[in-house]
Q: 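The structure's right below; bear with me while I get my questions together.
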Amino acid sequence: MITDARVLDPEFLPNDVVQRDAEINLLSSVLRPAVEGNPSDSAVLHGPSGTGKTCIAQYTLDKLHQSTLELNTQYVNCWEDHSHFSVLYRILDGLDKTLDIHRQSTPQEVLLDRLHDYDGPPYIIILDEADQLDTTDVLYELVRTRKLSMILIANDPDVMYTRFDDRLDSRLRTATRIEFDAYSIDALTAILEDRARWGLHPDAVTTEQLQWIADAAVGDARVAIGTLRQAAQRADRESETILDEHLEAAVPEAKAEIKQKNISRLTRDQRVLYNIITDTDSISMGDLYDQYSAEVENPKTKRMVRNYLQKLTHYNLIESIGEHRGRRYQPV
DNA sequence: CCTCCACAGGAAGCCGGGGGAC
DNA sequence: GTCCCCCGGCTTCCTGTGGAGG
């Protein structure tokens with residue numbers, strides 16, 4: 001039944017993106033000056049997860065690349081590269097300028113000089129999960145680099161903007177904000193139809209079933225596509241076509257898979273904290289730390305735990321209610 | 001109203017790992 | 001090998017805030 005498993009992967013980047021034409025056009029027009037060698041403003045893509053921000057950013061850059069020979073691009077995931085140094089390193093890496101840069105023995109100054117000396121073709125970088133950056137200093141260095149333009153991606157840009165100091169604020173105030181709303185049922189259905197056409201045998205699934213999946217995914221394309229794949233895999237073992245019973249089971253599986261993927265990026269200590277919080281309705285810092293330090297061998301300090309919790313909150317794995325004294329942490 | 005305390009998060013410094021230079 | 005340097009995770013120290021209780 002499955003003819004091409006790759007297109008059923010939520011991470012897969014299709015040749016033709018369906019939906020989001022307006023966003024693609026807007027992003028292209030923001031980046032157009034850069035491609036033509038003129039200074040361009042940055043773009044900030046924001047919205048809930050599974051709304052196609054990363055996909056549209058990569059897709060748009062691919063298209064620009066096809067129409068322009070002289071263009072460098074780079075994708076940086078700030079969850080993985082969150083320090084000042086590693087972001088710079090990754091960005092120079094996209095220019096093949098890191099050959100003689102060594103992680104441990106090259107001062108950041110050298111990387112900065114090299115970046116500021118850049119005078120090649122236009123360079124467009126995607127900073128995905130930009131709200132995960134340790135410090136926004138690196139953004140300042142980037143906005144004042146010639147020939148470099150940025151696409152910033154963040155769930156909640158307001159949280160990110162509050163961390164900007166004045167000089168950065170004035171530079172990024174003119175950035176074009178592109179908002180990504182949750183997909184409508186029709187839009188999700190269209191996306192699923194496209195994936196089903198390339199990834200499944202004809203007639204393996206009905207439009208009504210795709211609509212049902214779209215409805216269950218509540219606007220999140222990752223959930224929708226994951227559900228379709230789970231249902232197809234389940235059906236593959238048992239029948240010729242996807243049955244409704246396969247759909248029912250696939251939704252929680254797809255959601256669990258996404259959650260599992262998120263959790264796998266956590267460290268051991270972060271995972272322990274996450275598990276404690278998801279096992280309760282809501283918990284205070286004091287109780288949480290007591291449980292945590294009883295559970296692990298060499299507990300980190302409270303200060304470090306606060307950093308972890310901030311990270312988990314940013315990543316929407318847990319939520320916190322209240323400020324200061326009396327704050328509680330709870331599952332989402 | 002005042003003091004105490006739980007809690008958040010910034011700043012600075014420590015230290016272990018790891019690679020280059022010699 | 002040994003020395004030196006750098007990064008990044010971590011701790012320590014600190015300040016600010018606001019609810020609880022005298």
Side-chain angles (χ1 to χ4, degrees), chain A residues 74 76-94 96-116 127-142 154-169 263-274 276-277 280-332:
Chain A
Q74 176 69 321
V76 183
N77 187 315
C78 301
W79 175 283
E80 281 146 22
D81 294 309
H82 48 87
S83 73
H84 192 263
F85 181 89
S86 61
V87 170
L88 283 179
Y89 186 91
R90 184 72 62 195
I91 286 167
L92 288 169
D93 197 35
D96 291 330
K97 281 188 175 292
T98 50
L99 294 176
D100 57 339
I101 288 181
H102 305 288
R103 200 185 132 269
Q104 305 297 336
S105 51
T106 308
Q108 297 200 5
E109 255 175 73
V110 177
L111 275 73
L112 270 181
D113 288 346
R114 217 169 273 214
L115 183 66
H116 289 150
L127 287 181
D128 203 352
E129 307 190 49
D131 38 11
Q132 293 298 325
L133 287 171
D134 293 342
T135 132
T136 54
D137 293 355
V138 67
L139 294 180
Y140 184 66
E141 303 296 344
L142 295 177
N155 282 0
D156 185 352
D158 294 329
V159 175
M160 193 173 64
Y161 271 90
T162 55
R163 294 172 61 201
F164 293 173
D165 55 18
D166 293 341
R167 47 177 203 170
L168 191 53
D169 200 49
I263 294 171
S264 70
R265 308 203 296 177
L266 305 177
T267 65
R268 184 191 54 112
D269 293 271
Q270 291 167 349
R271 214 167 302 160
V272 169
L273 289 165
Y274 173 79
I276 294 171
I277 293 167
T280 60
D281 291 336
S282 123
I283 191 167
S284 68
M285 180 63 188
D287 293 345
L288 175 61
Y289 191 75
D290 287 347
Q291 276 195 47
Y292 159 76
S293 46
E295 202 164 316
V296 299
E297 224 158 283
N298 298 307
K300 304 288 189 286
T301 57
K302 279 195 173 180
R303 182 67 188 88
M304 201 57 205
V305 166
R306 285 201 290 276
N307 286 345
Y308 290 155
L309 292 171
Q310 200 170 42
K311 192 139 197 175
L312 294 178
T313 310
H314 268 146
Y315 211 62
N316 222 20
L317 290 169
I318 61 169
E319 62 186 342
S320 65
I321 37 175
E323 299 291 321
H324 311 293
R325 190 193 177 99
R327 176 183 280 197
R328 318 262 316 159
Y329 295 93
Q330 60 185 41
V332 285

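Atom set for the values below is all heavy atoms of this structure, side chains included, hydrogens, waters and symmetry mates excluded. Treat the numbers as computed from the prediction; the structure is a model and nothing was measured. The sequence lines fix the lettering, A, B, ..., with proteins before strands; numbering per chain opens at 1.
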Q: So which of residues 322-332 of chain A are in contact with DNA chain C, with a heavy-atom cut-off of under 4.0 Å?
A: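 Under 4.0 Å from DNA chain C: His324(A), Arg325(A).
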Q: What pairs meet the side chain to side chain donor-acceptor pair (under 3.5 Å) rule with one or both residues in residues 304-314 of chain A, with sequence neighbours excluded?
A: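 Counting only pairs at least two positions apart or across chains, the side chain to side chain donor-acceptor pair (under 3.5 Å) contacts touching residues 304-314 of chain A are Arg303(A)-Asn307(A).
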Q: Can you name the side-chain contact (heavy atoms from CB on, under 4.5 Å) partners of Gln330(A), sequence neighbours left out?
A: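 In terms of side-chain contact (heavy atoms from CB on, under 4.5 Å), with neighbours along the sequence ignored, Gln330(A) is linked to Ser282(A), Glu319(A), Ile321(A).
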Q: Please work out if His82(A) contacts a base, only the sugar-phosphate, or nothing of the nucleic acid, heavy-atom cut-off 4.0 Å.
A: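 Sugar-phosphate, no base atom in range.
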Q: Among residues 128-136 of chain A, which contact DNA chain C at a heavy-atom distance under 4.0 Å?
A: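 Under 4.0 Å from DNA chain C: no residue of residues 128-136 of chain A.
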Q: For Tyr315(A), which residues count as a ring-ring contact (aromatic ring centres under 6.0 Å, His included) partner, sequence neighbours excluded?
A: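 Only Trp79(A) meet the ring-ring contact (aromatic ring centres under 6.0 Å, His included) criterion with Tyr315(A).
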Q: Whole Å only: how far is the CH2 atom of Trp79(A) from the C1' atom of dG8(C)?
A: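 From Trp79(A) CH2 to dG8(C) C1': 17 Å.
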Q: By salt bridge (charged side-chain N to carboxylate O under 4.0 Å, His left out), which residues pair with Asp269(A), not counting sequence neighbours?
A: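 Counting only residues at least two positions away or on another chain, Asp269(A) forms a salt bridge (charged side-chain N to carboxylate O under 4.0 Å, His left out) with Lys300(A).
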Q: Does Asp290(A) have any side-chain contact (heavy atoms from CB on, under 4.5 Å) partners at least two apart in sequence or in another chain, and if so, which?
A: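 Residues passing side-chain contact (heavy atoms from CB on, under 4.5 Å) with Asp290(A): none at all.
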Q: Taking only residues two or more places apart in sequence, or in another chain, which ones meet Asp81(A) in a side-chain hydrogen bond (donor to acceptor under 3.5 Å, both in side chains)?
A: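 Here the qualifying residues are Arg90(A).
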Q: Which residues pass the salt bridge (charged side-chain N to carboxylate O under 4.0 Å, His left out) test with Glu295(A), sequence neighbours left out?
A: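 In terms of salt bridge (charged side-chain N to carboxylate O under 4.0 Å, His left out), with neighbours along the sequence ignored, Glu295(A) is linked to no residue.
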Q: List for me each residue that meets side-chain contact (heavy atoms from CB on, under 4.5 Å) alongside Thr136(A), sequence neighbours excluded, and say none if there are none.
A: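 By the side-chain contact (heavy atoms from CB on, under 4.5 Å) rule, Thr136(A) matches Leu139(A), Arg163(A), Phe164(A), Leu168(A).
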Q: Please identify each residue that fulfils side-chain contact (heavy atoms from CB on, under 4.5 Å) with Glu141(A), with sequence neighbours left out.
A: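 side-chain contact (heavy atoms from CB on, under 4.5 Å) check on Glu141(A) returns His84(A), Leu112(A), His116(A), Arg144(A).
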Q: Enumerate the residues from residues 288-313 of chain A whose closest heavy atom to DNA chain C is under 4.0 Å, giving them by residue number; use none for an empty result.
A: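 Contacts with DNA chain C under 4.0 Å: Lys300(A), Thr301(A), Arg303(A), Met304(A), Tyr308(A).
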Q: What distance separates Leu317(A) CG from Leu266(A) CG, expressed to the nearest 0.5 Å?
A: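 These two atoms lie 6.0 Å from each other.
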Q: Quick one: Met285(A) CE to dG19(C) P, roughly how many Å, whole number?
A: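 Taking atom P of dG19(C) as the reference, CE of Met285(A) is at 19 Å.
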